[in-house]
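Have a look at the structure below, then the notes.
Numbered from 1 within each chain, the chains take letters A, B, ... in sequence-line order.
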Amino acid sequence: MGWRERLPEIRNVAEALGLKPPETNFWEVSADRLYAIAAAGLPGHYAHWTIGRNYEQQRTSHQRGRGTIYEMVCNLDPCQAYLLDENSDEIQEFVVSHVMGHTDLFRRNIYCQRMRVDMDQVLHAASLRFRAYEAEYGIDAVESLLDIAHPLKFHARFEELAEPTRATGVADDNYKGLFPAEQIDPSDIERAFRERKRGVELGIGETDILRFLIRRAPLEEWQRDVLSVVRETGLYFQQIARTKILHEGFASWTHKRILSEISSSAVQDAWLNAGVAGNPGTNTPNPYWLGLTLLEYLEQSGVDILELARWESDASLLGRIDEAFIHDNQILREALRESKLNWRQLRDHMQRFAAQLPAVEVRIKSVSSDVLRLQADVDVDANYAQPILNGIARLWHGRTELVQPSNTLLNQGVHAS
Amino acid sequence: MPTDRMQRNVERHHDRLRGAIKEQLPQIIGGEDIITAPDGKRIRIPVRYLDEPRFIPAAPTQSRPTVQGIGKGSPGIGHKDPEIEVELTIEELSELLFDDLKLPRLKPKAHEDELVDTQIEGITTRGPRGRLHLKRSVIEHLKHGGSWREEDLRYKDVRTNLREVTKAVVVFVRDASASMDELKRYRVRAAAFWALRWLKKQYQNCQPVFILHDTKAEEVDEKTFLKATVMGGTMLSSGVLLASQVLSERFPSGQYNRYVLHFSDGDNWASDDAVFVKAVKDLHDAVEMYAFCQVSPIHFGREAAAGSLIAKLGDEFPRVTAGHIWRNEEVSKWLQQTFGGEA
């Protein structure tokens with residue numbers, strides 16, 4: 001029986017397990033097409049050299065036997081699942097079971113719920129507009145703008161700066177009489193309020209640098225459009241980055257349970273499990289392995305996995321790692337021994353490594369006519385940061401500085417002081 | 001094969017890697033897989049992973065050395081650049097390679113020639129449906145307004161123009177004596193492959209001629225040229241003389257740019273040395289270039305090696321050059337020296 005005929009059965013098992021996989025289109029596609037979608041993250045993505053790089057990198061690791069992509073699932077409405085057409089029916093059944101975990105999590109998890117499910121259409125329309133911009137301003141102009149915008153996309157935030165509220169509390173404070181020395185001049189409060197309000201108006205404190213530039217930099221309309229699209233993709237993909245280990249862990253957890261219900265061949269299952277959940281001996285974290293091991297460990301200690309999947313991200317999931325988990329696990333035990341860290345430090349390490357979100361948050365410190373100042377709370381890698389700073393200066397049309405604890409980084413090239 | 005849309009992303013990625021790929025060119029172009037590759041085959045080249053800039057913490061200082069000590073195989077720790085290989089077609093590779101060769105002293109001679117250039121130009125009333133010019137036909141039709149008539153139809157015309165084309169002939173001469181072993185043949189193959197490619201790029205009409213010789217020379221086809229070993233001694237003069245004969249009989253200098261590339265390991269019968277040098281001197285005025293390429297482990301080796309005989313000819317014979325190839329990466333150096341001009 002072909003895998004498509006077994007879809008309803010697999011779905012029933014998933015639902016019996018408490019999952020609610022949403023409507024999903026399953027496509028069988030060639031390896032080239034699958035790798036192309038995986039390289040971009042979504043079908044119809046606008047053109048950029050980094051997608052070509054991802055494509056070639058994935059193909060390289062595929063050719064060297066470092067991992068084949070079996071499927072690619074996109075959180076859209078309906079969800080789109082692309083399966084490698086070379087897969088046998090047995091593998092396809094396993095892949096579909098795995099996909100059910102992903103799609104369930106798309107609708108279950110609070111972070112995934114924030115993703116735009118019409119993102120494919122947004123991107124498709126954008127890639128048409130970008131092509132028109134390329135025709136008008138040149139491929140290089142569009143590409144260099146994208147190069148400036150991409151490093152900032154994971155800084156995109158849904159939340160706006162909080163509007164200050166006028167501190168009315170002083171008059172109503174029942175206890176003010178108790179602290180006569182702390183009486184504050186109402187005009188000071190008023191001044192502080194005005195300052196904060198003005199700061200918010202100027203975007204002081206903004207960490208979503210793209211939003212800041214879109215609103216306040218002297219951009220042309222097409223540039224504003226490009227930055228807005230990049231910012232949308234940032235908001236979309238950062239939710240994926242935030243839940244990568246949870247996603248792979250949860251999907252593996254799901255397929256394991258579904259397969260044990262529908263498949264009679266235990267040997268086959270063991271093999272499939274080894275292929276996906278095994279750690280192929282690289283020194284980057286294998287999200288399948290880590291996620292699945294951790295979820296099963298937590299399940300044993302009585303955690304409701306479906307409930308956990310609703311609220312958690314990688315950061316909080318990895319934060320649940322405890323001493324026993326590390327000691328139960330040979331790979332982690334060895335890492336502990338080799339690194340000479342204690343288990344808390346090891347956990348923090350993994351937690352930090354998992355988050356691909358901006359490792360250092362940067363916010364607008366001050367805006368004046370001659371210089372835009374950004375601020376970072378830790379020192380950043382200057383080699384990596386310099387091109388970003390130069391790019392922001394180009395869009396801002398003025399000097400741009402990054403104030404960090406040990407020194408201040410200045411922009412170079414155009415608009416440098 | 002990547003999809004068309006991906007192809008563009010891949011090409012833009014390659015553009016970023018131009019410098020990195022060029023650095024590796026000398027190693028790559030001497031490789032066997034390239035020369036034996038069928039057209040359109042892709043060559044894999046390992047490159048560095050190009051990271052995008054990000055705000056990341058500055059590298060930890062020496063006070064935290066323990067972090068570095070974490071070994072391979074530990075999940076979640078350590079950072080390694082992903083391995084990445086790009087695929088280039090031979091066409092893309094030669095473009096990069098020839099880009100580096102800086103244009104040469106080869107100045108194409110312009111000749112009036114029978115070769116013609118056809119292009120779509122003008123309008124005619126007769127032609128195949130495929131060349132129907134819709135707009136012009138409609139205009140004709142609108143002139144009288146009635147129903148469509150056969151004579152309303154207009155077609156794009158094809159005109160042929162005589163154009164100046166430059167022609168070249170390259171005579172590849174190879175010493176096929178017993179001492180030319182597989183490795184030497186292999187270098188010859190690489191050098192000849194790229195030299196021919198380069199000249200074809202320079203001239204729209206570039207004809208190769210292949211000559212093998214031991215003590216006697218004969219004209220062969222490309223395949224035989226690269227493969228066969230003719231057992232026997234060596235008289236370099238025989239190759240030069242046959243090249244000279246072929247040129248004067250079939251490729252008059254008024255119509256062709258004439259190149260002779262002579263590959264040998266430099267061993268020659270002592271009795272032939274004088275004849276050889278004289279033959280080269282005689283050939284000098286008849287060709288744009290006579291390049292002698294010695295394929296041997298030692299640069300020109302013994303004093304009497306053919307390469308040094310040629311090198312000694314000196315400035316009097318500016319179109320005669322002597323070059324040397326042994327290691328893989330010397331192929332591109334030789335190309336550079338031979339076709340790169342004096343600069």
Side-chain angles (χ1 to χ4, degrees), chain A residues 32-33 35-36 39-40 47-53 55-57 59-61 63-64 66 139 143 147 150-151 154-155 279 281-286 289-290 318 331-332 334-335 338-341 346 349-350 353-354 358-362 376 378-388 391, chain B residues 1-21 33 42-61 63-89 92:
Chain A
D32 281 327
R33 176 104 180 92
Y35 278 76
H48 195 248
W49 65 270
T50 50
I51 296 172
R53 175 201 61 194
Y55 178 78
E56 297 200 293
Q57 187 220 319
R59 192 189 48 204
T60 305
S61 64
Q63 280 160 349
R64 296 198 180 162
R66 298 263 166 74
I139 289 183
E143 189 175 273
D147 285 345
H150 278 183
F154 279 165
H155 292 253
N279 188 22
T282 60
N283 60 351
T284 50
N286 177 347
W289 172 82
L290 187 58
L318 293 178
I331 294 171
L332 292 176
E334 265 171 35
E338 280 177 32
S339 64
K340 301 185 179 66
L341 300 173
L346 184 69
H349 244 297
M350 290 196 284
F353 200 91
V360 177
E361 200 159 60
V362 167
V378 295
D379 286 336
V380 299
D381 187 313
N383 288 331
Y384 270 71
Q386 190 68 56
I388 313 179
Chain B
M1 277 295 291
T3 55
D4 286 351
R5 207 191 298 189
M6 184 54 69
Q7 188 56 34
R8 184 192 137 171
N9 291 328
V10 165
E11 277 165 18
R12 295 299 284 186
H13 179 222
H14 290 179
D15 282 349
R16 303 254 165 169
L17 291 164
R18 250 182 129 74
I21 296 174
D33 44 341
R42 286 151 180 276
I43 311 300
R44 288 193 205 151
I45 301 164
V47 291
R48 197 167 51 92
Y49 178 86
L50 288 181
D51 215 354
E52 285 180 290
R54 279 165 292 147
F55 285 119
I56 53 169
T61 47
S63 60
R64 288 166 56 198
T66 46
V67 180
Q68 307 289 327
I70 296 169
K72 237 183 138 197
S74 46
I77 303 159
H79 180 73
K80 202 176 104 223
D81 281 342
E83 290 175 346
I84 177 162
E85 279 175 350
V86 298
E87 283 187 355
L88 295 179
T89 58
E92 287 168 307

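A distance of 15.5 Å separates CH2 of A:Trp49 from CD of B:Glu11, quoted to the nearest 0.5 Å. If you take CZ on A:Phe154 and CZ on B:Arg54, they are separated by 10.0 Å, rounding to the nearest 0.5 Å. Separation of atoms CZ (B:Arg12) and OG1 (A:Thr50) is listed at 12.0 Å; rounding is to 0.5 Å.
Chain B forms the most heavy-atom pairs under 4.5 Å with one residue out of A:Val362, A:Ile388, A:Asn383, and that residue is A:Ile388. Note: B:Arg8 leads B:Arg5, B:His14, B:Arg8 in heavy-atom pairs under 4.5 Å with chain A.
For the pair A:Tyr384 and B:Glu52, the tightest heavy-atom approach, listed with the atom from each and the gap, is CE2-O, 3.7 Å. What you find for B:Pro53 and A:Pro151 is that their closest heavy atoms are O-CB, 3.1 Å. A:Thr60 and B:Glu85 get closest at one heavy-atom pair: OG1-N, 2.8 Å. Taking each heavy atom of B:Met6 and A:Gly52 in turn, the nearest pair found is SD-CA, 4.2 Å.
Panel note: side chain B:Asn9, backbone A:His48; a donor-acceptor pair is recorded below 3.5 Å. For A:Arg53 (side chain) and B:Leu50 (main-chain N/O), a donor-acceptor pair under 3.5 Å exists by modelled atom type.
Taking 4.5 Å as the limit, some side-chain heavy atom of A:Arg59 sits within range of a side-chain heavy atom of B:Glu87. Between B:Asp15 and A:Glu143 there is no side-chain heavy-atom pair separated by less than 4.5 Å.
Of the two parts of A:Ala376, neither the backbone nor the side chain holds a non-hydrogen atom closer than 4.5 Å to a non-hydrogen atom of chain B.
For A:Tyr55 and B:His13, the distance between ring centers is not under 6.0 angstrom.
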